[in-house]
Colleague: 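Handing you a structure now.
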Amino acid sequence: MRTDPAHLIDASAALLGRLREHPPLVQCITNSVVTNVTANALLAIGAAPAMVDIREEAGLFAGIAGGLLVNLGTPAEEQRDAARESVAAASVAGTPWVLDPVAIGALPVRTALAHELVAARPTAIRGNASEIIALAGAGAGGRGVDAADSTDAAADAATSLALAHASVVAVSGPVDLITDGRRTARIANGDALLTRITGGGCALGAVTAAFLGASRDASAGGAAGDLGERTAGALLADPFVATVAATVVYTIAAELAAERSTGPGSFAVAFLDALALVTPAEVIARAKVTVTDAAASAPGSETASDAAPNAEPATARA
Ligand SMILES: Nc1ncnc2c1ncn2[C@@H]1O[C@H](COP(=O)(O)OP(=O)(O)OP(=O)(O)O)[C@@H](O)[C@H]1O
Ligand SMILES: Cc1ncsc1CCO
Ligand SMILES: [Mg+2]
């Protein structure tokens, strides 16, 4: 399937529209620092959050949710069991789920749990570069909840994780890198203010689960931009495309918010507004996406939509 930047950007705009038309129910098993921020971000983008994270409920709920987030930021014992229950139920029900292995590497309990859960094949794995490197077993891991490595330093780790678990791997940072092991997208949108509020990465994991939920509903078809109906249906149902869409929309909302804020406090408020107000047309106008495809004929071939080779990351159909 063709997934050049222009297709990815059109699909991002279309999935945002789908998500708002049919709000996915997103189950979050997440950390106590960002629970409220995450629920607000989901409501703002147009999804329906539910923080169902106790034993004997989590698994039941994963069977009916549109998407599931498992974030290991503050993994108390009950949440660890809830995560196991939900992941098992999501696998049976086909509920797409996202693993955010917060601060794994040096911390033993969450690192062991992340390795256990990843074996159940998350639909998407989302983390900063240090976390992805640690999960791939390629390094000792970061210094805590913030990344100490660049996203390109995690590219090989992301590819091997994606291939080992048939997952999409999303590495966040100044340029976000998303791969399914064959296709790799780089997204140059965003604002550093996202790293000065809590939940910048954690809420992105939840928004990714929301887009995967919208994507699962989208396989019925319907045109995305100038794509034909059958192509659009397959494109929108592709977890790689949905994961890219979540990051594109989220990071463009951050840019819009940064233009209206003076620091982290006003940014946090403006960001919720921007998640609610960002339009599919703004997504198409502002997205900066490049794609490489390991299966493409030219080695290392890179495409940037509507642009010559070696152009700046593409802004498609501005
Ligand atoms: N320097 C930067 N410039 C622009 N955007 C950035 C920058 N650093 C991170 N981002 C964006 O911030 C968001 C969160 O990424 P980050 O790598 O900070 O996650 P994280 O370390 O997991 O965060 P958390 O503290 O929530 O665990 C992503 O959307 C990413 O695009
Ligand atoms: C600060 C912090 N500590 C554990 S989880 C978390 C939220 C950011 O990941
Ligand atoms: Mg994080």
Side-chain angles (χ1 to χ4, degrees), residues 12 28-42 45 53 69-76 79-80 83 98-107 109-111 113-114 124-135 141-154 158 169-178 185-211 243-259 261 264 267-268 271 274-275 278 283 286-290 313:
S12 298
C28 300
I29 298 173
T30 193
N31 70 73
S32 55
V33 184
V34 304
T35 304
N36 182 257
V37 166
T38 302
N40 279 336
L42 285 171
I45 195 78
D53 65 351
L69 168 69
V70 178
N71 171 302
L72 304 185
T74 53
Q79 268 203 348
R80 302 199 297 273
V98 178
L99 177 66
D100 188 337
V102 179
I104 65 156
L107 299 169
V109 174
R110 68 192 62 208
T111 303
L113 181 60
I125 302 165
R126 193 222 76 78
N128 61 44
S130 304
E131 291 157 350
I132 296 303
I133 289 168
L135 191 59
R143 59 193 161 92
V145 298
D146 297 315
D149 299 291
S150 83
T151 55
D152 270 322
V169 179
V171 193
S172 59
V175 176
D176 290 60
L177 184 152
I178 296 168
R186 287 180 175 77
I187 299 156
N189 296 100
D191 193 279
L193 277 169
L194 271 176
T195 66
R196 304 292 303 280
I197 59 169
T198 192
C202 302
L204 174 58
V207 168
T208 302
F211 272 81
T243 303
V244 169
T247 294
V248 166
V249 170
Y250 187 91
T251 54
I252 288 173
E255 290 175 1
L256 296 169
E259 288 167 9
S261 44
F267 174 76
F271 184 48
L275 286 170
V278 62
V283 169
R286 298 184 72 123
K288 295 178 187 161
V289 179
T290 58

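Just follow the structure's listing: the first ligand is 1, and inside any ligand the first atom is 1.
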Colleague: Could you say whether the N/O atoms of Asp176 and ligand 1 ever approach to under 3.5 Å?
Modeller: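 Such a contact does occur with ligand 1.
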Colleague: Below 4.0 angstrom from a heavy atom of Asp191, which ligand 1 atoms are there? Numbered from 1 as shown, please.
Modeller: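 Near Asp191, the atoms of ligand 1 are 3 (N), 4 (C), 5 (N), 6 (C).
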Colleague: Polar-atom distance check: Cys202 versus ligand 1, any N or O pair below 3.5 Å?
Modeller: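 It does: an N or O of Cys202 is found under 3.5 Å from an N or O of ligand 1.
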Colleague: May I ask which of Cys202, Gly205, Gly200, Gly127 has a heavy atom nearer to atom 9 (O) of ligand 2 than the others do?
Modeller: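 Closest candidate by heavy-atom distance is Cys202.
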Colleague: Taking all non-hydrogen atoms of both residues into account, name the closest pair between Val283 and Ser12 and its distance.
Modeller: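 Closest approach of Val283 to Ser12, heavy atoms only: CG1-CB, 4.0 Å.
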Colleague: Quick one: closest heavy-atom pair of Pro101 and Gly127, and the distance?
Modeller: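 Looking at all heavy atoms of both residues, the shortest contact is CD-CA, 4.5 Å.
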Colleague: Check the pair Phe211 / Thr247 against side-chain contact (heavy atoms from CB on, under 4.5 Å), numbers first and verdict last.
Modeller: CA-CA 10 Å; Phe211 272 81; Thr247 294; over 6 Å; no
Colleague: side-chain contact (heavy atoms from CB on, under 4.5 Å), that's the test. Do Val207 and Val249 meet it? Break it down for me.
Modeller: CA-CA 9 Å; Val207 168; Val249 170; over 6 Å; no
Colleague: Would you say Asn189 has any N or O atom under 3.5 Å from an N or O of ligand 1, going by distance alone?
Modeller: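 N/O-N/O distance below 3.5 Å does not exist for this pair.
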Colleague: Any idea which heavy atoms bring Leu177 and Asp152 closest together, and the distance?
Modeller: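 For Leu177 versus Asp152, the nearest heavy atoms are CD1-OD1, 3.7 Å.
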Colleague: With atoms numbered from 1 as shown, which atoms in ligand 2 lie under 4.0 angstrom from a non-hydrogen atom of Val102?
Modeller: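 Those atoms are 9 (O).
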Colleague: With heavy atoms only and a cut-off of under 4.0 Å, state how Glu255 meets ligand 1: side chain, backbone, both or neither.
Modeller: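 Answer for Glu255: neither.
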Colleague: For atom 3 (N) of ligand 1, state which one of Gly200, Ala103, Ala192 supplies the nearest heavy atom.
Modeller: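 The option holding the nearest heavy atom is Ala192.
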Colleague: How far apart are the closest heavy atoms of Ala258 and Asp191, and which atoms are they?
Modeller: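 Shortest heavy-atom contact: CB-OD2, 3.3 Å.
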Colleague: Is the shortest N/O to N/O distance between Ser172 and ligand 1 below 3.5 Å?
Modeller: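 The answer is yes, given that Ser172 and ligand 1 share an N or O pair closer than 3.5 Å.
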Colleague: For Ser172, enumerate each residue passing the side chain to side chain donor-acceptor pair (under 3.5 Å) test, keeping only those at least two apart in sequence or located in another chain.
Modeller: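 Ser172 satisfies side chain to side chain donor-acceptor pair (under 3.5 Å) with Arg126 only.
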Colleague: Which heavy atom in Ile197 sits nearest to a heavy atom in Pro264, and how many Å separate them?
Modeller: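 Residues Ile197 and Pro264, closest heavy atoms: CG2-O, 3.5 Å.
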Colleague: Nearest non-hydrogen atom to atom 26 (O) of ligand 1 belongs to which of Ala188, Gly201, Gly127?
Modeller: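 Shortest heavy-atom distance from atom 26 (O) of ligand 1: Gly201.
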Colleague: Answer with side chain, backbone, both or neither: which part of Ala103 has a heavy atom less than 4.0 angstrom from an atom of ligand 2?
Modeller: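 For Ala103, there is no contact with ligand 2 at all, from either part.
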Colleague: Hey, which atoms in ligand 1 end up nearer than 4.0 Å to a heavy atom of Gly199?
Modeller: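 Answer for ligand 1: 26 (O).
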